[in-house]
Amino acid sequence: MGDRPRAIREFRHSVRTRGAAFRRTHAVTLGYLGATQIAGGGVEEACATWGSVLDAMEDGIYSGRARQAVVDMRRLLSPGDAASQPLRHWTPGPPLT
């Protein structure tokens, strides 16, 4: 916990390694990467990463974890919510019901 640069490196490695062969896992990992990027203040970078999540979902990825990535994305980008405060760490939100 707290080693954001390493987490970003590991998520990027996972994205490069898995790629399209594991589309659902790829989309979820991109969601986690975006959340980690925004936690470090990289709003533009996170938005670019999350764009890839949305593209994957448009291509047919509809898992609960991928949908949760979108919920987390909206929450982290909402004014007056978690995105307006410096984040020390990020954890995925509860699963969708």
Side-chain angles (χ1 to χ4, degrees):
M1 189 157 102
D3 191 354
R4 195 172 294 118
R6 182 172 181 193
I8 289 172
R9 279 194 310 274
E10 294 300 325
F11 284 135
R12 285 182 178 151
H13 174 74
S14 178
V15 167
R16 282 191 311 272
T17 303
R18 288 194 175 104
F22 298 90
R23 290 178 22 192
R24 183 190 55 79
T25 303
H26 181 72
V28 170
T29 301
L30 286 168
Y32 294 160
L33 174 58
T36 304
Q37 290 167 330
I38 201 168
V43 176
E44 295 294 326
E45 187 177 23
C47 288
T49 299
W50 283 330
S52 298
V53 175
L54 297 174
D55 289 343
M57 292 185 77
E58 189 174 66
D59 290 339
I61 302 298
Y62 298 109
S63 77
R65 289 190 325 167
R67 288 188 318 219
Q68 186 61 49
V70 175
V71 170
D72 292 339
M73 175 189 328
R74 292 182 67 183
R75 179 179 53 82
L76 291 168
L77 289 171
S78 296
D81 201 293
S84 66
Q85 303 296 320
L87 298 177
R88 298 197 189 284
H89 67 283
W90 170 84
T91 56
L96 295 174
T97 56

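For the numbers below, each heavy atom of this structure counts, side chains included, while hydrogens, waters and symmetry mates do not. Values in this document were obtained by computation on a predicted structure and should not be read as measured data.
- Summarising the geometry of L30 relative to S52, their closest heavy-atom pair is CD1-CB, 3.6 Å, with the distance given to 0.1 Å.
- Here the side chains of W50 and L54 are not in contact, with every heavy-atom distance at 4.5 Å or above.
- In this structure, CD1 in I38 is found 11.0 Å from CG in D72, a value given to the nearest 0.5 Å.
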Please evaluate residues H26 and T29 with respect to the criterion side-chain contact (heavy atoms from CB on, under 4.5 Å), reporting the C-alpha separation (whole Å), side-chain torsions for both, the decisive distance (0.1 Å), and the verdict.
CA-CA 5 Å; H26 181 72; T29 301; 5.9 Å; no
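- The closest side-chain heavy-atom distance from L77 to C47 is below 4.5 Å.
- In terms of heavy-atom proximity, V28 sits nearest to S63 at CG2-OG, 4.3 Å.
- With contacts defined as side-chain heavy-atom distances shorter than 4.5 Å, the pair V15/R12 does not qualify.
- Residues T36 and I8 approach most closely at CG2-CG1, 3.5 Å, considering heavy atoms.
- Taken from OG1 in T49 to CD in Q37, the straight-line distance is 3.5 Å, to the nearest 0.5 Å.
- Taking all atoms of both residues into account, the shortest heavy-atom contact from G31 to A69 is CA-CB, 4.0 Å.
- Looking at R65 and Y32, their side chains come closer than 4.5 Å, going by heavy atoms from C-beta outward.
- The structure places NE2 of H13 at 11.5 Å from CZ of R6, a figure rounded to the nearest 0.5 Å.
- Judged purely by atom type and a 3.5 angstrom limit, S78 uses its side chain to pair as donor or acceptor with the backbone of R74.
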